[in-house]
Amino acid sequence: MSEEDIITGEESRSPVSFIEQIIIDDLGEGKNGGRVHTRFPPEPNGYLHIGHAKAICLDFGMAEKYGGKCNLRFDDTNPVKEEVEYIESIKEDIRWLGFDWEDREYYASDYFGKLFDFAIDLIKRGLAYVDDQPAEVISAQKGTPAQSGTESPYRNRPVGENLDLFERMNRGDFEEGSRVLRARIDMTSPNMHMRDPIIYRIIKSSHHRTGEKWKVYPMYDFAHGQSDYFEGITHSLCTLEFEVHRPLYDWLIDQLKTGEYRPRQIEFNRLNLTYTVMSKRKLLELVQDGKVSGWDDPRMPTLCGLRRRGYTPESIRKFIDLIGYTKYEAINDISLLEHAVRDDLNLRAPRVFGVLNPLKVVITNYPENMVEEVDLINNPEDETMGSRKVPFSRDLYIEQDDFMEDPPHKFFRLSPGSEVRLKGAYIIKCTGYTKDENGRIIEVLCTYDPHTRSGGHLSGKKVKGTLHWVSAAHALDAEVRLYDRLFDHEDPSGQKEDDYRKFLNPDSLRILRGCKVEPSLKTAMHLDKFQFQRLGYFCIDYDSTPDHLVFNRTVGLKDSWAKMNK
RNA sequence: UGCUCCGUGGUGUAACUGGCAACACGUCUGACUCUGGAUCAGAAAAGUUCAGGUUCGAGCCCUGACGGAGCAACCA
């Protein structure tokens with residue numbers, strides 16, 4: 001595509017989001033010198049989740065696509081809620097997703113000085129004043145959305161007094177909560193945010209970067225737009241709930257700007273997923289209440305949780321690409337996310353044999369001490385991934401579900417008298433089985449046909465089913481963690497009467513021990529991803545060691561047999 | 001009861017300055033298969049919240065209803 005095509009978007013028919021269209025139009029009009037500069041502004045008070053990924057992909061994605069830049073800016077204006085701990089995790093997650101802010105790592109706190117000066121300037125221009133009233137009184141005077149507010153008795157305080165008071169607020173002369181600085185706008189505005197919003201409050205906690213230097217800290221509205229302005233941001237993309245803040249954003253920019261350049265705030269819908277909660281507060285509660293093992297519990301929608309679950313950055317980006325950006329709230333089906341990982345892992349995850357619920361199979365006519373190495377394709381979707389050798393012997397394990405004593409009509413697997421293919425090896429026939437004193441089947445007896453080995457001259461023989469298996473003597477023991485959706489209600493937070501915690505799924509984690517996996521997995525590393533053939537995609541958990549393998553199930557394979565039986 | 005934003009198959013999104021409502025997920029068939037996966041072929045599924053209006057023609061423009069979301073933190 002030529003540069004012209006990129007700007008007009010005429011080359012590709014693929015539809016663009018309304019935001020991208022705005023960018024294209026702005027570029028076309030030559031606004032802001034034809035620059036595109038975005039920013040991703042997390043508050044360091046929690047871990048990033050997949051909703052943030054939606055913002056990250058937009059912020060970095062638009063910059064990348066239109067030859068611009070995207071800054072990383074920590075919105076650290078509230079020292080009582082923010083912690084350094086989160087900063088590293090946020091950076092790690094953005095990098096993991098595949099984005100790079102280069103040297104542009106900024107902090108709103110970098111601008112505290114300029115912000116303070118701007119506040120002084122507003123005071124001097126009669127556009128800000130110090131209010132001595134307590135929070136409850138100020139709040140009451142704000143009115144309600146349907147009822148206009150009333151003016152503070154301090155609203156017309158002389159400039160000199162405001163200047164003096166504000167300086168002393170910052171010096172620490174006053175207690176927290178005793179005074180605030182307010183912008184002097186319009187108490188009768190139908191927009192609550194324009195009713196003389198508080199722009200500075202006194203906080204005496206130590207700040208993670210500026211220490212004890214400041215005793216007053218700017219509010220979000222007084223920091224965000226100005227930070228955008230200081231950084232030369234052109235498109236400030238945020239979620240829908242900030243829509244009503246936009247008039248204030250613009251008002252402040254109007255007071256600040258000196259030339260033609262101005263940043264523009266545009267809002268898009270946040271990401272909601274079925275069967276999950278997305279608010280930082282709720283995620284924090286789940287962690288603190290021990291409902292999950294931590295921020296990176298594989299059931300969490302956090303990026304670190306998804307990573308541990310076995311999701312790839314590509315699959316997350318693909319998913320976000322699929323759902324789009326609009327101006328109305330939606331709730332996205334988690335099955336689309338699951339589709340995105342399957343689709344990605346299908347192409348890149350090597351296939352292996354793993355038996356979750358082992359059932360012993362003895363091939364009675366197979367020589368007792370013989371071991372054959374059978375050759376197995378690592379990935380039928382990608383022959384460059386080669387093949388591997390897997391040991392085959394007389395005593396094997398297959399999946400318990402793959403044998404039925406008294407099978408229903410369309411059961412293609414093993415049952416008395418039936419024949420199945422052991423994938424990559426032989427066709428076997430079930431000749432009997434034994435039960436324990438409780439009537440549970442503990443062993444299945446089979447015979448094999450030596451001519452049916454894969455690649456052999458009778459290997460073309462048709463059988464209905466193909467099973468995965470492991471050689472009992474060679475198999476490795478493993479623990480497998482099966483995850484299901486954390487909530488059993490589609491929209492756990494949307495139920496007015498019920499707390500979301502009421503919908504926690506009691507079976508969201510099932511731990512299987514004594515699983516058997518093929519020996520090649522001995523050397524697998526943390527987060528390595530595999531397809532356990534016929535079962536699903538699994539990855540190695542952080543808890544795993546070579547002597548105690550632990551797998552997380554990322555997502556199951558589509559299972560039309562299971563569906564038939566529902 | 002105020003202001004702002006928004007209503008398109010079950011779900012998420014498309015439809016360029018009005019021109020036969022399209023794609024994906026999901027669902028259901030069938031084919032193929034040494035993964036009941038993948039792949040392939042096909043089907044069902046909305047007439048665009050409703051009512052008027054403008055127009056040869058409206059999902060798109062106008063009016064009015066109805067419905068949903070957001071806004072009353074010294075949070076972001």
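Side chains included, hydrogens not; waters and symmetry mates left out as well; all remaining heavy atoms used. Letters A, B, ... mirror the listed sequences (proteins, then strands); counts begin at 1. Remember, it's a predicted structure, so these values are computed and weren't measured experimentally.
- With centres under 5.5 Å and a plane angle under 30° as the test, the ring of A/Y220 is not stacked against the base of B/A76.
- Note on A/M219: only backbone sugar-phosphate atoms sit closer than 4.0 angstrom, heavy atoms only; bases stay farther off.
- A/S189 comes within 4.0 angstrom of nothing in the nucleic acid, heavy atoms only.
- Between A/G424 and A/E329, the one whose closest nucleotide on RNA chain B sits nearer the 5' end is A/G424.
- With B/G36, B/G2, B/C5 as the candidates, the nucleotide lying closest to the side chain of A/A146 is B/G2.
- Within 4.0 Å (heavy atoms only), A/A135 reaches at least one base atom of the nucleic acid.
- Counting non-hydrogen atoms under 4.0 angstrom, A/Y325 reaches the backbone sugars and phosphates but no base.
- When heavy atoms are screened at a 4.0 angstrom cut-off, A/I331 is found touching the sugar-phosphate backbone but no base atom.
- Among the heavy atoms of the strands lying under 4.0 Å from A/K462 are primed sugar atoms or P, OP1, OP2 only; no base atom is included.
- Counting atom types as modelled, A/R342 pairs no side-chain N or O with a base atom of B/G37 as donor and acceptor under 3.5 Å.
- Side-chain atoms of A/Q531 and base atoms of B/U35 include a donor and an acceptor less than 3.5 Å apart.
- Among the heavy atoms of the strands, none lies under 4.0 Å from A/R246.
- A/P41 comes within 4.0 angstrom of no nucleic acid atom, judged by non-hydrogen atoms across all strands.
- Residue A/S335 is in sugar-phosphate contact alone, with no base atom involved, counting any heavy-atom pair closer than 4.0 Å across all strands shown.
- The residue among A/D343 and A/K327 whose nearest nucleotide of RNA chain B is located toward the 5' end is A/K327.
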